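Following: one structure in structure tokens, then a few remarks.
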Amino acid sequence: MRIVSLQSGTSADGIDVAVVDFSDPGTGSETELTPVFCTTVDLPGTLSNRVLAFTHGFRLTAAEVCELDTELGQAFASVASLVAEQIRLDTIDLVVSHGQTAYHWVSEEHTLGSLQLGDPSKIALAFDAPVLAQLRTTNIAAGGAGAPLMSIFDRMWLGGSRVPEATLNLGGIANLQYVEPQGPVGEAGTVIGWDTGPGNCLVDAVITRATGGAERFDRSGALAGVGTVDDELLAVLLRHPFLSLPRPKSTGRETFNFETVDHALAEHTGAGSALRVTHADLVATLTAFTARTIADDVASLPNIPSRLIVSGGGVHNLTLMRLITDQMRELGVDVVPSSDLGIPCDFKESLMFALLGFLSWHGIPIRLSDQEHERQSIIGHFVPGAHPLSLPRPLSRLDRITVRQDRTTLS
């Protein structure tokens, strides 16, 4: 089975594309996943800026939200021509489109809703294939948090381990997955996943604001590398109420944004104070904030893992990775990029969305946690496109995935 995965992360700067082949599990409970083609396509600058303004709280009319949803759908659909240059479109069985998260609604420790934009109907017609969209809302309706979805992938990828494992995805928001060891009779270990707090989003926000959009992230962590961490400001940031919530928990830009930074600065400097934090020092402190929240959560795990497998755009921030590596070393944890294990760091989420599509296509329900209030559900909504939707006979289960990378093309 061949699946195309499409998504735009919290940075809203591009569409990650992955074409993934899955082997036929037959009557077994395992499948082999092979990335065939992976790339990132830039979002048009004006569209990206409008998405970021919306996610940062800029109010839009119903008409403007409709326009944004439609234009994002068109941008996702336009990827079809790029994929057509690499593979034959008529070999695509399913497109999984996560879309662009605009809002993740959490109230009193409970996730109530999540809004992803990008009209899937346009995508289905462009690819001439069915689309699975709205991946988070069915899990939320079933009592889950709708995030992080990575726990499903890691349960099947690492659940057979004899030792505890942990993975970290460094996107706009950072999420951590803890995989317990395999059970005594061979059953897969349980997994818990949660958002630790900001990944790149706060650093991206202050750099974008300070440069008027000329720069949108701290390239290689260079600015944080020349700044000095303000320990008092860091202490203020570490008092953020999200950090004390019980897990599993999820968050987004609606929680960690300009307001987070400005409130912390105001509390740190005090009204009328002459004390100011330089731009470089602010970036260094926010980078340290991300590293510290991750380290604190790893330190609180039931059993400290021997390694932390890291993926996401944040792996390219050398200063952030150095801070994380230093703090993990104190815990006796090795930091390993997912690329060392055959999964491109920039596309692990894309492979995860493809896996979710494979599960839903084959009628396999999932849940993100072992919380009693969360029920299993088949994730996402199918959009058939121009042809009738014809699903295969449901599989009873899928327990394991293995990943091959020998045919992957990175562009």
Side-chain angles (χ1 to χ4, degrees), residues 148 150 154 158 163-180 192-204 206 217-249 251 256 260-261 264 268 277 280-341 345 348:
M150 190 62 75
D154 287 342
L158 299 170
V163 296
E165 302 267 16
T167 74
L168 173 68
N169 192 66
L170 284 171
I173 298 296
N175 56 72
L176 185 69
Q177 286 67 229
Y178 172 67
V179 186
E180 293 183 338
I192 182 173
W194 68 97
D195 290 339
T196 61
N200 308 307
C201 66
L202 294 183
V203 170
D204 292 352
V206 298
F217 63 98
D218 186 12
R219 195 175 301 276
S220 300
L223 190 57
V226 298
T228 301
V229 174
D230 187 309
D231 291 330
E232 293 182 3
L233 176 58
L234 178 59
V236 173
L237 290 164
L238 288 168
R239 292 198 290 269
H240 193 287
F242 173 80
L243 304 180
S244 61
L245 294 178
R247 58 196 186 218
K249 56 186 177 178
T251 189
F256 291 100
T260 306
V261 177
H268 171 51
V277 179
D281 290 353
L282 177 59
V283 171
T285 303
L286 294 173
T287 303
F289 178 45
T290 290
R292 174 67 180 275
T293 53
I294 292 164
D296 286 350
D297 274 12
V298 172
S300 70
L301 292 174
N303 294 288
I304 301 298
S306 60
R307 64 179 180 177
L308 178 68
I309 304 168
V310 186
S311 61
V315 299
H316 303 297
N317 184 317
L318 303 183
T319 301
L320 176 60
M321 289 300 294
R322 175 178 56 79
L323 292 173
I324 292 172
T325 300
D326 289 347
Q327 294 182 56
M328 289 301 101
R329 185 180 296 113
E330 295 178 4
L331 297 173
V333 178
D334 291 331
V335 174
V336 180
S338 66
S339 56
D340 285 2
L341 303 175
C345 291
K348 188 185 178 193

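Note that the structure is predicted; figures quoted are calculated from it, not measured.
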Residues L286, V283; criterion side-chain contact (heavy atoms from CB on, under 4.5 Å); working and verdict: CA-CA 5 Å; L286 294 173; V283 171; 5.8 Å; no
Non-hydrogen atoms of G227 and A284 that approach each other most closely: C-CB, 3.7 Å
ring-ring contact (aromatic ring centres under 6.0 Å, His included) involving Y178 - partner list, sequence neighbours excluded: none
Side chain to side chain, D218 and T319, heavy atoms closer than 4.5 Å: no
Counterpart residues, side-chain hydrogen bond (donor to acceptor under 3.5 Å, both in side chains), relative to S244 (two or more places apart): none
K249 (side chain) donor-acceptor with L243 (main chain) under 3.5 angstrom: yes
Stepwise side-chain contact (heavy atoms from CB on, under 4.5 Å) test for L320 and V203: CA-CA 11 Å; L320 176 60; V203 170; over 6 Å; no
Name each donor-acceptor pair under 3.5 Å that joins a side chain in residues 325-337 to protein atoms two or more places apart or in another chain, with its distance.
{"from": "T325", "atom 1": "OG1", "to": "M321", "atom 2": "O", "distance (Å)": "2.7"}
{"from": "D326", "atom 1": "OD1", "to": "R329", "atom 2": "NH1", "distance (Å)": "3.0"}

Any residue meeting side chain to side chain contact (heavy atoms under 4.5 Å, CB included) with T285, in chain and number order, not counting sequence neighbours: V229, D230, L233, L234, L237
Shortest non-hydrogen separation from V298 to P305 and the atoms involved: CG1-CD, 4.5 Å
Heavy-atom closest pair, residues G221 and N317: CA-OD1, 3.2 Å
Listed partners of D281 passing salt bridge (charged side-chain N to carboxylate O under 4.0 Å, His left out), at least two apart: none
Side-chain donor-acceptor pairs of residues 165-174 under 3.5 Å, sequence neighbours excluded:
{"from": "E165", "atom 1": "OE1", "to": "R307", "atom 2": "NE", "distance (Å)": "2.8"}
{"from": "E165", "atom 1": "OE2", "to": "S161", "atom 2": "OG", "distance (Å)": "3.3"}
{"from": "E165", "atom 1": "OE2", "to": "R307", "atom 2": "NH2", "distance (Å)": "3.1"}
{"from": "T167", "atom 1": "OG1", "to": "D154", "atom 2": "OD2", "distance (Å)": "2.5"}
{"from": "T167", "atom 1": "OG1", "to": "Q177", "atom 2": "NE2", "distance (Å)": "2.9"}
{"from": "N169", "atom 1": "OD1", "to": "S311", "atom 2": "OG", "distance (Å)": "2.9"}

Non-neighbouring partners of T251 that pass side-chain hydrogen bond (donor to acceptor under 3.5 Å, both in side chains), sequence neighbours left out: T255
Partners passing side-chain hydrogen bond (donor to acceptor under 3.5 Å, both in side chains) against R247 (at least two apart in sequence or in another chain): S300
Check residues 289-297 and write down every donor-acceptor pair under 3.5 Å in which the side-chain atom is one partner and the other belongs to a residue at least two apart or another chain.
{"from": "T290", "atom 1": "OG1", "to": "P198", "atom 2": "O", "distance (Å)": "3.1"}
{"from": "T290", "atom 1": "OG1", "to": "G199", "atom 2": "O", "distance (Å)": "2.9"}
{"from": "R292", "atom 1": "NE", "to": "D296", "atom 2": "OD1", "distance (Å)": "3.1"}
{"from": "R292", "atom 1": "NE", "to": "D296", "atom 2": "OD2", "distance (Å)": "3.2"}
{"from": "T293", "atom 1": "OG1", "to": "F289", "atom 2": "O", "distance (Å)": "3.1"}
{"from": "T293", "atom 1": "OG1", "to": "T290", "atom 2": "O", "distance (Å)": "2.8"}
{"from": "D297", "atom 1": "OD2", "to": "W194", "atom 2": "NE1", "distance (Å)": "2.6"}

Counterpart residues, ring-ring contact (aromatic ring centres under 6.0 Å, His included), relative to H240 (two or more places apart): F256
Partner set under side chain to side chain contact (heavy atoms under 4.5 Å, CB included) for D204, not counting sequence neighbours: S11, N200, F217
